[in-house]
Amino acid sequence: MSDTSKFKLSEAKPDLSPKRLQKRYRAEARFRLYGITAIVFAIGVLGILLGSIISSGTSAFIQTEIALDINFDANIVDPEGTRTKESFLEGNYRKLWRDSLFTLFPEVKGRKQKRALSKLISRGADLTLREKVLNDPSIIGTTKRIWVKSSADIDSLNKGKISRSTIESDRRVKNHQIAWFDKLIDENRERLAFNSSLFTAGDSREPEQAGIGGAVVGSFLTLIVTLLLSFPIGVMAAVYLESFAPKNRWTDIIEVNINNLAAVPSIVFGLLGLAVFLNFFGMPRSAPIVGGTVLALMTLPTVIIAGRAALKAVPPSIQEAALAMGASRLQAVSHHVLPLAMPGILTGTIIGMARALGETAPLLMIGMVAFIVDIPRGLSDPSTVLPVQIYLWADAPERAFVEKTSAAIMVLLLFLILMNLAAVILRKKFEKRW
Amino acid sequence: MYLKTMSFLAAILFVAITAAEARDQIRIVGSSTVFPFSTSVAEQFGKVSKFKTPIVESTGSGGGMKLFCAGVGQKHPDITNSSRRIKKSEFNKCNKNGVGITEVKIGFDGIVLGNSKAGPDLNFSLKHVFQALAAKVPVDGKLIDNPYKMWSDIDPSLPKIKIEILGPPPTSGTRDAFVEIAMEGGAKKFPSLKALKKSNKKQFKAIAHTIREDGVFIEAGENDNLIVQKLLANPKALGIFGFSFLDQNADKIKGASIKGVSPEFEKIAEGQYPISRSLYFYVKQQHLGVIPGIKEFVKEFTKEGTWGIDGYLVDKGLIPLPSDVRKATMKAARGMDTLSM
């Protein structure tokens with residue numbers, strides 16, 4: 001284009017023709033459309049993710065149960081005849097339910113057949129029966145109808161996750177087992193009940209017995225440690241840096257480092273935990289105290305950055321007014337500035353905690369990625385956390401763990417949503433606008 | 001000031017845990033392949049014995065050995081699982097740190113080349129497997145970059161579909177075993193490579209163990225469930241995974257036969273199916289009597305009802321040892337025989 005035409009363009013009057021106006025309107029409409037498309041796409045992807053998790057996970061909240069008429073024979077339940085807890089613990093509860101099952105199917109003979117029949121019932125039935133006896137020893141000698149869990153394979157069959165139409169050799173539940181189970185259904189000995197042990201039990205190798213109870217307690221203990229360490233240290237660091245520290249090169253370096261730390265991959269903190277807390281201090285492996293400390297290091301930068309931002313947002317006039325009235329620096333900060341900044345600090349802390357709740361990588365190095373059956377009772381008990389439990393179940397070969405994995409993800413998401421909601425509410429309710 | 005009390009509490013917390021108490025719980029580390037079996041036994045052991053349920057960590061065979069051989073004492077694990085035999089270098093390291101070892105072989109695990117039920121039935125020889133997967137293959141007497149894109153390029157009897165294989169990354173024990181058994185086995189079928197093995201073992205290994213990186217082999221992560229799902233989505237692809245995953249998903253996927261032998265429980269147990277490996281665990285002798293329950297745990301593991309033909313580990317996908325070997329191993333394990341190499 002020549003110079004003259006450029007000159008002309010700059011001299012041109014605003015083009016107010018309807019044609020140009022329309023073009024501008026169209027451009028705006030297009031831009032809105034792009035925005036809406038982006039949002040619809042994001043919501044759609046989230047919907048697919050949640051939909052697939054929920055559709056495969058909801059069935060984990062119910063569990064097939066089978067009613068058996070159990071004869072609590074004193075000789076079997078109480079082999080020592082002392083009616084004490086020690087003696088009850090020695091009882092052969094497996095024999096109880098197996099005998100009951102075999103009387104229902106008198107036609108089943110031979111070791112192999114009996115073994116196949118026993119596979120209808122969960123191996124955890126022993127514990128269900130033992131619990132009944134321990135809770136109420138008076139049932140010894142009576143015959144009671146008890147609901148026990150079915151095995152995971154039967155449960156999958158009942159929920160339609162194992163199809164009856166596949167050819168027998170490829171199906172984990174064989175034809176005669178289906179026939180036995182159908183007979184139980186006909187006799188009203190089958191029900192789908194709420195699976196409460198999913199929330200109360202610890203991990204197990206048998207899908208029908210596995211629960212997230214241990215992992216939830218572990219997560220709770222770990223987060224308590226994280227909060228107790230990262231919140232006070234983070235707030236004090238933020239207050240010092242914001243209100244007391246001189247502005248010089250050293251504080252600049254510290255600030256850069258804190259910002260850098262917030263972006264360090266979390267596995268690095270795990271390596272640090274292994275080297276310092278386990279190898280140097282000799283702290284126990286797989287313990288929430290160590291996990292919490294490592295996660296506290298990880299969340300500290302988040303808390304400090306959020307804290308400083310919240311302190312900065314309080315108008316300087318407040319502090320100046322306090323100082324003018326004769327308050328010391330510490331009084332001005334702790335009586336006036338900090339309380340006003342607290343909602344912002346808490347929001348940052350909760351978001352940091354939510355991130356800590358979802359971490360697995362740093363915990364791998366300190367031995368929290370482990371199979372742990374017992375529910376932890378203290379900060380130095382071996383334990384695992386919710387995301388680790390999800391990771392372990394996702395890796396398990398047993399098919400029934402697929403629904404458990406999704407159910408555990410749903411619980412984790414619920415906790416995360418609750419924490420983020422708390423952050424939003426805190427902000428909405430207490431945050432002051434200046 | 002609550003800030004002060006909070007930090008004070010945190011300080012107390014810190015001091016409290018450094019006073020570590022004596023451990024009364026067995027700690028197990030090691031292979032993720034043995035993990036399902038080890039955890040099953042641990043859970044059962046926790047239920048039937050008076051001891052606490054052992055803690056089982058899934059660290060991989062190599063990682064487990066490293067922790068296990070690091071030394072004797074409370075903070076070191078008592079048992080490590082392994083999906084391969086202990087290496088001489090690891091054994092030496094253990095010895096250097098004063099760790100005496102008892103070796104227990106627990107059974108076999110088959111490695112399966114599988115595809116979706118919707119895909120074709122396949123029958124390979126180990127030579128085919130090597131030709132499909134190796135980075136360099138001999139063609140007309142010369143070693144060249146793998147030219148094969150279709151199975152039918154390797155052997156006209158194989159189906160005319162693209163070679164596409166999903167498998168575990170190099171950190172996985174399954175991959176180690178697959179490379180060692182299937183690929184080396186296939187490589188040895190070439191006279192030129194067989195001669196090379198005799199003259200230059202290192203170079204032979206480099207050829208036999210290197211998997212091609214031109215997109216035909218796809219690393220699909222350590223999670224075998226993921227590989228199974230990807231196979232369902234793509235019926236033309238093949239996957240490399242453990243037998244227990246085929247066992248659990250037999251309604252959706254099938255295993256390719258190797259030399260005419262299909263990957264079935266009996267055939268792996270009898271040693272007919274060629275790609276199978278032994279699984280082990282190793283016990284630290286110095287911890288016997290120090291950490292309670294180790295002997296009893298080994299006893300539980302080596303019961304007929306646990307690892308025998310009808311044992312509960314078989315339900316989990318373990319392929320048991322032949323019964324005479326099982327008896328001998330049980331005796332050696334319960335007697336805590338020392339391993340020497």
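From a predicted model like this one, the values you see are computed outputs, not experimental measurements. Note that these values count all heavy atoms, side chains included, but never hydrogens, waters or copies made by symmetry. Below, read A as the first sequence line, B as the second, and so on, with proteins coming before strands; counting in each chain starts at 1.
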Are there over 12 heavy-atom neighbours, none belonging to [X], within less than 6.0 Å of that residue's [atom1]?
X	atom1	result
K95(A)	NZ	no
Y391(A)	OH	no
F280(A)	CZ	no
K299(B)	NZ	no

Checklist entry - Going by an N to O cut-off under 4.0 Å, is there a salt bridge joining D315(B) and K119(A)? => result yes

Checklist entry - Are D381(A) and K52(B) within salt-bridge range, i.e. N to O under 4.0 Å? => result no

Item to check | chain B interface, residue from K112(A), E398(A), R205(A) that has the most non-hydrogen pairs under 4.5 Å | outcome: R205(A)

Checklist outcome for this item: In terms of heavy-atom pairs under 4.5 Å with chain B, the winner among D374(A), L364(A), T384(A) is D374(A)

Checklist entry - So, for A394(A) and N225(B), which heavy atoms are closest and what is the spacing to 0.1 Å? => result O-ND2, 2.9 Å

Item to check | Derivation of the side-chain contact (heavy atoms from CB on, under 4.5 Å) call for V369(A) and E57(B) | outcome: CA-CA 6 Å; V369(A) 180; E57(B) 275 182 57; over 6 Å; no

Checklist entry - Which answer fits K47(B), side chain, backbone, both or neither, if we ask what part of it has an atom under 4.5 Å from a heavy atom of chain A? => result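 Backbone plus side chain of K47(B), per the 4.5 Å heavy-atom cut-off to chain A.
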
Item to check | Which portion of P54(B) sits near chain A, non-hydrogen atoms under 4.5 angstrom | outcome: backbone

Checklist entry - Who wins among L226(B), V56(B), L67(B), V48(B) for the most heavy-atom pairs under 4.5 Å with chain A? => result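 Most heavy-atom pairs within the cutoff with chain A belong to V56(B).
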
Checklist entry - For chain A, which of S40(B), G63(B), S32(B) has the most heavy-atom pairs under 4.5 Å? => result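 Most heavy-atom pairs within the cutoff with chain A belong to S40(B).
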
Checklist entry - After noting the C-alpha distance and the side-chain angles of E206(A) and K316(B), does the key distance pass the side-chain contact (heavy atoms from CB on, under 4.5 Å) rule? => result CA-CA 10 Å; E206(A) 309 297 325; K316(B) 295 278 157 214; 3.5 Å; yes

Next on the checklist: Taking side chain as everything from C-beta outward and backbone as N, CA, C, O, which of these in A287(A) sits under 4.5 Å from a heavy atom of chain B? Side chain, backbone, both or neither.
Outcome noted: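 Contact with chain B: none, neither part.
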
Checklist entry - Going from CG on L89(A) to NZ on K50(B), what distance comes out if it is rounded to the nearest 0.5 angstrom? => result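 Spacing of CG (L89(A)) from NZ (K50(B)) equals 13.0 Å.
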
Next on the checklist: Can you tell me how far apart CZ (F35(B)) and CG (D395(A)) are? Round to the nearest 0.5 Å.
Outcome noted: 8.5 Å

Next on the checklist: Between L278(A) and K75(B), does the side-chain contact (heavy atoms from CB on, under 4.5 Å) criterion hold? Intermediate values first, please.
Outcome noted: CA-CA 9 Å; L278(A) 293 192; K75(B) 65 174 182 172; over 6 Å; no

Item to check | Derivation and outcome, salt bridge (charged side-chain N to carboxylate O under 4.0 Å, His left out), residues R172(A) and D247(B) | outcome: CA-CA 8 Å; R172(A) 283 189 62 79; D247(B) 192 37; 3.7 Å; yes

Checklist entry - Among residues 161-170 of chain A, which residues come closer than 4.5 Å to chain B, judged by heavy atom distances? => result T166(A), D170(A)

Checklist entry - Do side-chain atoms of R285(A) reach the backbone of R27(B) as a donor and acceptor pair under 3.5 angstrom? => result no

Checklist entry - Hey, does the side chain of R399(A) reach the backbone of Q248(B) with a donor-acceptor pair shorter than 3.5 angstrom? => result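 Such a contact is found between R399(A) side chain and Q248(B) backbone.
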
Item to check | Worked verdict on F371(A) versus I28(B) for side-chain contact (heavy atoms from CB on, under 4.5 Å) | outcome: CA-CA 10 Å; F371(A) 175 78; I28(B) 304 171; over 6 Å; no

Checklist entry - salt bridge (charged side-chain N to carboxylate O under 4.0 Å, His left out) between E43(B) and R123(A): does it pass, once the steps are laid out? => result CA-CA 11 Å; E43(B) 190 178 352; R123(A) 293 206 320 178; 6.0 Å; no

